[in-house]
**Student:** 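Have a look at this one before I ask anything.
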Amino acid sequence: MKNFFLAFSLIFSILLSSACVDKSANSTTNSGSGDGDIKVGVYGDTSGATSSFGQSTKNGIQLAFDEINAAGGVNGRKLIMLFEDDQGRPEQAKTVVSKLINQDRVQALLGEVASTNSLAAAPVAQDAKIPMITPSSTNPKVTEVGDYISRVCFIDPFQGLVMAKFAGNTLKAKTAAIIGDVNSDYSKGLTAVFEQEFTKLGGRVVAKEAYTQTDPDFKGQLTKIRNLNPEVIYIPGYYGQVGIIAKQARELGMNMPLLGGDGWDSPDLWKLGGESLKNAYISNHYSADNPAPEIQNFVKAYRAKFNTAPDSLAALAYDAAKVLADAIKRAGGTDGAKLKDAINATKEFKGVTGSITLDANRNAVKPAVVLELNPTDSKFTFKETINPEGMSAPTAANTNTMSNGNMMMNANAMSNGNMMMNSNTTNSNSNMNSTMNANR
Amino acid sequence: MDTFVQQLINGLTIGSIYALIALGYTMVYGILRLINFAHGDIYMVGAYAGYLLAIYLGFDANPSIFGFIVVLLGAMLVAALIGMAIERFAYRPVRKFSRMTTLITAIGMSLFIEYLFVFIFSGTPRSFPQLLQNDNYTIFGNATISTSQILIFAVSILLMVALQYIIFRTKIGKAMRAVSFNLNSAKLMGVNTDFVIAFTFALGSALAAAGGVLTAQYNPKIEPLMGIITGLKAFVAAVLGGIGNIPGAVLGGLLIGAAETLVVGYGSYIGIPSTYRDAVAFAILILVLLIRPAGLLGTNVQEKV
């Protein structure tokens with residue numbers, strides 16, 4: 001028996017050590033280029049259930065850093081990315097961020113995509129006074145952790161509002177059903193906002209169903225929804241489940257439009273959902289179809305480097321990296337407090353996902369796009385842009401080129417949404433909690 | 001009414017999968033009194049074997065019934081060999097020690113397989129190719145059934161009938177029954193018990209692999225940790241039906257599958273949220289163990305101390 005366990009532990013330690021060797025080899029090559037370099041910790045999921053998110057984020061940041069370093073770096077200092085895989089698990093996200101801060105001594109952090117993981121790691125960064133920019137976590141609670149946490153994307157109240165408006169105004173739907181992930185802060189946030197806004201528009205949410213990521217199938221929930229026959233189904237989840245939900249909904253003969261958010265944006269979505277993703281729409285941060293030169297240059301450079309089209313998570317990561325570099329330049333260094341102030345003072349930064357201005361809650365105020373899914377070509381087609389009212393002058397990219405088919409929301413309705421975004425975040429948040437409690 | 005029928009179809013679909021996996025748990029327990037915790041992972045291994053076969057043999061490009069059969073049988077064969085290897089190298093050396101030792105070995109084996117697969121294939125979910133054209137048929141009012149669901153029912157029934165035949169109509173089946181009555185006496189009667197045990201593992205693993213491939217046709221997302229929850233529920237199904245009892249495993253699987261789907265469909269009317277579907281399986285287990293410790297169809301054997 002002893003021999004047996006010995007053999008076992010031997011195998012495990014070999015596996016473990018080979019994994020470690022891999023990583024340390026990487027980081028030595030990364031950090032081995034001089035003392036003045038700026039170390040930026042990046043964490044994301046490259047091996048778990050949302051691994052395409054982490055991969056895109058890593059690629060986007062890599063591209064931005066390479067461009068910045070090729071142009072001479074920031075104040076003559078090169079940007080170095082230290083990447084850690086958190087396997088898409090919140091507890092692991094917390095661990096790797098602690099490691100990046102305490103062991104690797106990074107001077108800034110970029111990450112995560114999933115709000116639940118960002119929320120787990122943000123307090124660590126806040127306590128250590130290391131500025132963290134999340135490229136794409138949209139749950140409002142993330143930046144409420146503290147003044148060292150900021151983001152370059154819009155937040156769920158806006159994203160949920162965009163889809164509620166699209167369902168109510170563009171698709172003219174009167175009834176909707178929602179099916180969301182019960183363990184995801186992102187999903188819970190969008191569910192609450194969509195319901196609130198859709199009801200405000202005179203619609204009715206006829207069913208709210210929940211699933212967990214380990215559910216073997218979703219037909220139970222879907223059959224229940226089918227019985228109520230809603231005109232649209234809102235699925236604020238991540239691509240891994242969404243693909244299967246879409247497939248099983250169509251199998252049950254449910255052919256109504258499916259609506260979602262940026263969590264659908266992954267090349268893997270098409271493999272899982274296939275043709276069943278016809279007649280589906282999502283809210284997103286940018287469209288790779290946009291002919292604006294800065295966007296097309298980014299798409300071309302990304303394609304040349306990684307041989308795939310950049311999804312919105314790659315674009316946001318690219319912007320987050322550029323915003324960070326810009327802030328370091330303005331702060332004149334990487335002192336935590338100064339750098340944080342410089343990041344939070346970001347104003348009208350021209351990114352590929354639009355003009356980025358951070359508001360008082362360190363959330364970016366920027367337009368969203370609605371994309372239609374086109375499974376035949378495995379791509380998202382641009383449908384319309386929705387601007388938050390009162391934001392700083394939109395960039396050329398957003399007004400000129402998107403105006404074909406551009407449907408601006410009326411000012412009245414939007415000021416409503418904007419008010420909610422800027423001043424009432426805490427309010428909508430507590431609201432969200434109470435809805436979820438009621439649901440339980 | 002058709003909603004109820006629909007929910008029943010949905011429930012029996014996953015129930016059939018649980019039943020296929022539960023058979024492996026129950027057979028191994030019947031013979032060795034060992035709870036083979038690595039069995040749920042064999043289900044995952046089967047799905048991956050099918051995935052690799054489908055990709056390398058090119059069946060993912062043009063769906064055909066031939067391709068499906070080849071992938072199904074291939075995955076069952078691969079899993080059977082892996083099941084036998086696990087028995088030979090992990091369980092046989094510790095078989096003569098206490099039951100606790102083998103139990104812990106089984107848990108270790110389960111973790112080993114899971115993280116070996118994470119290591120080789122990464123945790124990224126992969127999408128299993130559609131091997132057969134998937135159509136939907138309306139059978140009862142508004143209730144529909146898809147090709148992949150029909151496939152699950154048909155193949156499960158076929159395999160269960162085949163298993164029944166092997167156990168009650170063949171020589172090796174007779175040997176299996178003899179070993180499950182009393183291993184040492186069977187050995188004295190000249191039964192090659194090592195071979196019978198290896199064969200049992202092969203049989204159970206092949207059934208789990210079939211479950212893996214069938215599930216992947218229905219829900220085409222496969223990942224290295226997919227066997228944990230499904231395996232646990234199949235284990236619950238085996239205990240529910242009476243562990244060691246083959247018809248019991250099938251009954252238990254179908255009951256658990258139907259129960260959790262009905263919880264999703266109707267639980268909210270009696271105050272149980274749909275996300276409690278997993279809890280329900282375990283609640284049923286506890287209830288059954290309180291009322292009938294031997295399981296629904298199990299026979300209560302008094303153990304001598």
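By convention in this document, chain letters (A, B, ...) are assigned in the order of the sequence lines, proteins followed by strands, and residues within each chain are numbered from 1.
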**Student:** What pairs of donor and acceptor atoms, side-chain ones from residues 117-124 of chain B against any protein atom, are under 3.5 angstrom apart with sequence neighbours left out?
**Tutor:**
from    : atom 1 : to      : atom 2 : distance (Å)
S122(B) : OG     : T124(B) : N      : 3.2
S122(B) : OG     : T124(B) : OG1    : 2.8
T124(B) : OG1    : S51(A)  : OG     : 3.1

**Student:** Check whether more than 12 heavy atoms from other residues, nucleotides or ligands sit under 6.0 Å from atom CG of N307(A), and answer yes or no.
**Tutor:**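 Incorrect, the count does not exceed 12.
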
**Student:** Identify the residues of residues 252-262 of chain B whose heavy atoms come closer than 4.5 Å to a heavy atom of chain A, ordered by number, or report 'none'.
**Tutor:**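 Interface residues of residues 252-262 of chain B: E260(B), T261(B).
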
**Student:** Would you please go through residues 240-255 of chain A and name the residues with a non-hydrogen atom below 4.5 Å from one of chain B, in numerical order?
**Tutor:**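 The list, in residue order, reads G240(A), Q241(A), I244(A), K247(A), Q248(A), R250(A), E251(A), L252(A).
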
**Student:** Under 4.5 Å heavy-atom distance to chain A, tell me which part of F4(B) shows up: side chain, backbone, both or neither.
**Tutor:**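 Neither part.
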
**Student:** Could you tell me if N10(B) and T223(A) have a donor-acceptor pair between their side chains, going purely by distance under 3.5 Å?
**Tutor:**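 Side chains of T223(A) and N10(B): pair found under 3.5 Å.
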
**Student:** Contact part of Y218(B) toward chain A, heavy-atom cut-off under 4.5 Å: side chain, backbone, both or neither?
**Tutor:**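 Looking at Y218(B), backbone and side chain both touch chain A.
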
**Student:** Given that the side chain runs from C-beta out, which part of T50(A) has a heavy atom under 4.5 Å from chain B: side chain, backbone, both or neither?
**Tutor:**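 For T50(A), neither part sits under 4.5 Å from chain B.
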
**Student:** Chain B contacts: which residues in residues 266-277 of chain A have a non-hydrogen atom closer than 4.5 Å to it?
**Tutor:**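 Expected list: D268(A), K271(A), L272(A).
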
**Student:** Among N142(B), T215(B), D278(B), I229(B), which residue has the highest count of heavy-atom pairs closer than 4.5 Å to chain A?
**Tutor:**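 Ranked by heavy-atom pairs under 4.5 Å with chain A, first place is N142(B).
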
**Student:** Between atom CG of N227(A) and atom CD of Q7(B), what is the distance when rounded to the nearest 0.5 Å?
**Tutor:**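 Going from the CG atom of N227(A) to the CD atom of Q7(B) covers 8.5 Å.
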
**Student:** Atom CG of L225(B) and atom OG1 of T214(A): how far apart are they, to the nearest 0.5 Å?
**Tutor:**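 The CG atom of L225(B) sits 11.0 Å away from the OG1 atom of T214(A).
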
**Student:** I'd like to know which of Q221(A), K224(A), K219(A) tops the heavy-atom pair count under 4.5 Å against chain B.
**Tutor:**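 Option with the greatest count: K219(A).
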
**Student:** Please report the shortest heavy-atom distance between R226(A) and A143(B), naming the atom on each side.
**Tutor:**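 That closest heavy-atom pairing would be NH2-CA, 4.0 Å.
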
**Student:** Report the distance from atom OH of Y239(A) to atom NZ of K221(B), rounding to the nearest 0.5 Å.
**Tutor:**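 Output value for this atom pair is 9.0 Å.
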
**Student:** Would the number of heavy atoms belonging to other residues, nucleotides or ligands and lying under 6.0 Å from CZ of R92(B) be above 12?
**Tutor:**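 Yes.
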
**Student:** Identify which part of S148(B) has an atom lying under 4.5 Å from any heavy atom of chain A, answering side chain, backbone, both or neither.
**Tutor:**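 Only the side chain of S148(B) comes within 4.5 Å of chain A.
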
**Student:** When you look at NZ of K94(A), are more than 12 heavy atoms from neighbouring residues, nucleotides or ligands closer to it than 6.0 Å?
**Tutor:**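 Check fails, neighbour count at 12 or below.
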
**Student:** Which atom pair, heavy atoms only, marks the closest approach of P125(B) to G48(A)?
**Tutor:**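 Heavy atoms of P125(B) and G48(A) come nearest at CD-O, 3.5 Å.
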
